[in-house]
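Here the structure comes first, spelled out in structure tokens, and everything after it is commentary.
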Number of protein chains: 2
Amino acid sequence: MSQTASIKDVATHAKVAVGTVSNVLNYPDRVSQRTKERVLNSIAELGFVRNDAARQLRAGQSRTIGLIVLDVGNPFFSSVARAAEDAAAALGSVVLVGDSGQDASREAHYMDLFQEQRVQGLLLSPVGDVAERIRTLRERGVPTVLLDQLADEDHCSSVSVDDEGGGYLAARHLLDIGRRRLAFVGSPTIRQVAHRLKGAQRAVGEVEGADMEVLDSAGQTVLAGRQVGNALVERGPAGRPDAVFCSNDLLALGVMQSLAMLRTIRIPEDVALIGYDDIDFAISAVVPLSSIRQPTEALGRTAIELLNEEQESGGTKHRAVVFTPELVVRESTAGSRS
Amino acid sequence: MSQTASIKDVATHAKVAVGTVSNVLNYPDRVSQRTKERVLNSIAELGFVRNDAARQLRAGQSRTIGLIVLDVGNPFFSSVARAAEDAAAALGSVVLVGDSGQDASREAHYMDLFQEQRVQGLLLSPVGDVAERIRTLRERGVPTVLLDQLADEDHCSSVSVDDEGGGYLAARHLLDIGRRRLAFVGSPTIRQVAHRLKGAQRAVGEVEGADMEVLDSAGQTVLAGRQVGNALVERGPAGRPDAVFCSNDLLALGVMQSLAMLRTIRIPEDVALIGYDDIDFAISAVVPLSSIRQPTEALGRTAIELLNEEQESGGTKHRAVVFTPELVVRESTAGSRS
DNA sequence: CGTACCAACTGAAACGATTCAAAGACATAT
DNA sequence: ATATGTCTTTGAATCGTTTCAGTTGGTACG
């Protein structure tokens, strides 16, 4: 029926030139009160809605920012995404969220997609090695900010949290409450996880007689955690660590589920457990979960800020912001045993 | 520097007409092997990337589907969103997710935005009264499928879960384990919540001597739940209900946190607690949470299917799919007291 | 009265893809 | 040699905006 009215239809209806209609929309001050009213009436009458594709084509750039995360189901990322959306909205932009699911090919797919959309910029929590890709993107006018991963400052901007420091904090805490046989659970192929592991190893190295084994998990989800937990249960009391540090809270909750299933293993008495991210659900776990808190809102907000700086500088100036994580102690690591 | 090469640049570089380049991209069979190779080489050499805005402008429609949810932070919605994304990807479309935060104006904002983008279609979990709006959208060629809310079939397609049935299931279960003083927690201004409440009231009406009070929560989050929980704690044992039905799991987890803080209230002995949605975290709660499970993947997948049907029928045929929820019993409502 | 200036408005030219009628090239049949 | 058909390629027209040089009409000033 009416399908969609174009700016030309509005112009005809209001008996003005198309340029005038465009001005009403974009530079209201350039238009006299009388004509403005006439045009606005016609717009309402015809139900005109701007065609963003046409505007974008002419403008050469969209009002869209691409965001690629490792897992939207992870509250850490959804929290960062929300903060980024809010910050972008304040600047009149929209954030498009893509989920790479820690898969390099899906990541590449979204990068292609965003490039086709000529996004204003890209926020990326990378899986694979993207340095080269980011360079070409910048050459083509798409600034990129690395999210949750430190970047070389003269190469690319980034917002991250000190993962090694966080790892150290977590392990140090487990050692402080008297544990000596630690286990680290995570997928060290993910850079953030590798850093957390490194920090934890440093803490372990500082304490005589302490050691830590590394349990590679298949993914970073509750399910993956449950699998690791089951493996631990099967080992029997003698072979089990007395403290477990999981590289994120989902894993930790999964491990906790498995351990708690066997009523004989007590948390924290037999096994202390600490996670990472401090998601909302950590506090309401079977045993409230100790964790490392990351400033998610600040991450999202700052990422947008840096993107803005990149745009304004034409992609020449880069800045790397690093936030400091914070230890949150709850029951899962309460008290000391010794 | 190179900024972005256009199809025209590629044509010049490969010494062919622009139409040929377009054909290589869209109808490879129409082009001879030799020219195809030449063109593909030029594309690679110039680093050409299709401009989606231009394509869309010409095509009149985008390959984008809009999805507006009440809260992306809620695992229920993020799970539905992910399923929808996967289903859309299989059809070569992308899903754009907007978060209304249960705010009618933000909802309207996203609807405007998506309309400007000329999305293929809209999946909407509505806050306000959108019937009129949906009608105009369809007139303009944007089919809409209601998500998580039943629609009048000769008006609009929808995918939903039988909320009243779910509410009945939950309350009936509380009554079955011997509870008589129920409380319902939620914001009945949200339609889904109102239906769950209605179902619960039906169940209560069937049992002699049972009653249920309604506690209005400010929102549907863990935080809102904690507030309600604190209020319950302050009442003292005599004034407290012996069973609480929360309209979603986030609320239930919040209530649980508050109640568990006071070590004197035992779950389920003193207060039985049941949530709704069966999110992943329900099982790992302090006291594993009973809940009503909704088939989130099926919801997301079916929503995309229905959208497709709408498109193919030109928005004339509508279908309303209703799924049946399922009771999941865990410790928070275990055993009987009487 | 002539000149300058200003605000308001006009309308054609981009933007970069897709589409499609038409032309070209070549082989086969008559 | 001509006609017919198939396969490939061409390039202008189109989509709906924004932009910008240029026109119009009116007011102010000397």
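Please read these numbers as outputs of a predicted model, since none were measured by experiment. Just so it is clear: chains get the letters A, B, ... in the order the sequence lines come, proteins before strands, and each one is counted from 1.
In this structure, CD1 of Ile43(B) is placed 13 Å from C1' of dA17(C), rounded to the nearest angstrom. Between Arg34(B) atom CZ and dT8(D) atom C1' there is a gap of 12 Å when expressed in whole angstrom units. Between Leu25(B) atom CG and dG16(C) atom P the separation is 15 Å, expressed in whole Å. The CD-C1' distance, from Gln61(B) to dG16(D), rounds to 16 Å in whole Å. Asn23(B) has its CG atom 15 Å from the P atom of dC7(D), to the nearest Å. The distance from atom CD of Gln33(A) to atom P of dC9(C) is 11 Å, rounded to the nearest whole Å. Rounded to a whole Å, the CD atom of Gln56(A) is 11 Å from the C1' atom of dT17(D). One atom, CD of Glu116(A), and another, C1' of dG16(C), lie 13 Å apart when rounded to the nearest Å.
Closest non-hydrogen pair, Ser125(B) versus Gln192(B), comes out as OG-NE2, 3.8 Å. Of all the heavy atoms in Gln117(A) and Ser62(A), the pair that sits closest is O-OG, 3.7 Å. When all heavy atoms of Lys317(B) and Glu310(B) are compared, the closest pair comes out as O-OE2, 3.5 Å. Residues Arg118(B) and Val49(A) approach most closely at NH2-O, 2.8 Å, considering heavy atoms. Closest non-hydrogen pair, Leu147(A) versus Leu299(A), comes out as CD1-O, 4.4 Å. Taking both residues in full, the closest heavy atoms of Ser187(A) and Gly219(A) are given as OG-O, 3.5 Å, listed atom of the first, atom of the second, then distance.
Shown are Lys15(A), Glu37(A), His13(A); of these, the side-chain hydrogen bond (donor to acceptor under 3.5 Å, both in side chains) with Ser42(A) is made only by His13(A).
OP1 or OP2 of dT10(D) has at least one side-chain nitrogen or oxygen of Thr20(B) nearer than 4.0 Å. At least one side-chain nitrogen or oxygen of Tyr27(A) sits closer than 4.0 Å to the OP1 or OP2 atom of dT19(D). Remark: Thr35(A) is in phosphate contact with dC9(C), judged by side-chain N or O atoms under 4.0 Å from OP1 or OP2. Regarding contacts with the backbone of dT18(D), a side-chain N or O of Arg50(A) is found under 4.0 angstrom from either OP1 or OP2. Close to dT9(D), at under 4.0 Å from its OP1 or OP2, lies a side-chain N or O of Ser32(B).
Across all strands, Asn26(B) comes closer than 4.0 Å only to sugar-phosphate atoms, never to a base (heavy-atom distances). At a threshold of 4.0 angstrom between heavy atoms, the contacts of Val49(A) are confined to the sugar-phosphate backbone, with no base atom among them. As judged by a 4.0 angstrom heavy-atom cut-off over every strand, Val16(B) is placed among residues touching the sugar-phosphate backbone only.
Looking at which nucleotide of DNA chain D each of Arg30(B) and Ser6(A) is closest to, the 5′-most match is held by Arg30(B).
Looking at the side chain of Ile7(B), the nearest of the listed nucleotides dT10(C), dT18(C), dT17(D) is dT18(C).
Among residues two or more places apart in sequence or in another chain, the side-chain contact (heavy atoms from CB on, under 4.5 Å) test is passed with Gln102(B) by Leu70(B), Ile190(B), Gln220(B).
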For nucleotides 12-15 of chain D, print each protein N/O atom paired with a nucleotide N/O atom at under 3.5 Å, atom names and distance only.
| from | atom 1 | to | atom 2 | distance (Å) |
| --- | --- | --- | --- | --- |
| dT14(D) | O2 | Arg58(B) | NH1 | 3.0 |

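Thr64(B) and Gln120(B) are not linked by any side-chain donor-acceptor pair at a separation below 3.5 angstrom, with hydrogens and angles left out of the test. Between the side chains of Glu116(B) and Asn51(A), no donor N or O sits under 3.5 Å from an acceptor N or O.
Comparing the axis of the opening five pairs of the helix from dC1(C)-dG30(D) to dT30(C)-dA1(D) with that of the closing five pairs yields an angle of 60°, rounded to 10°.
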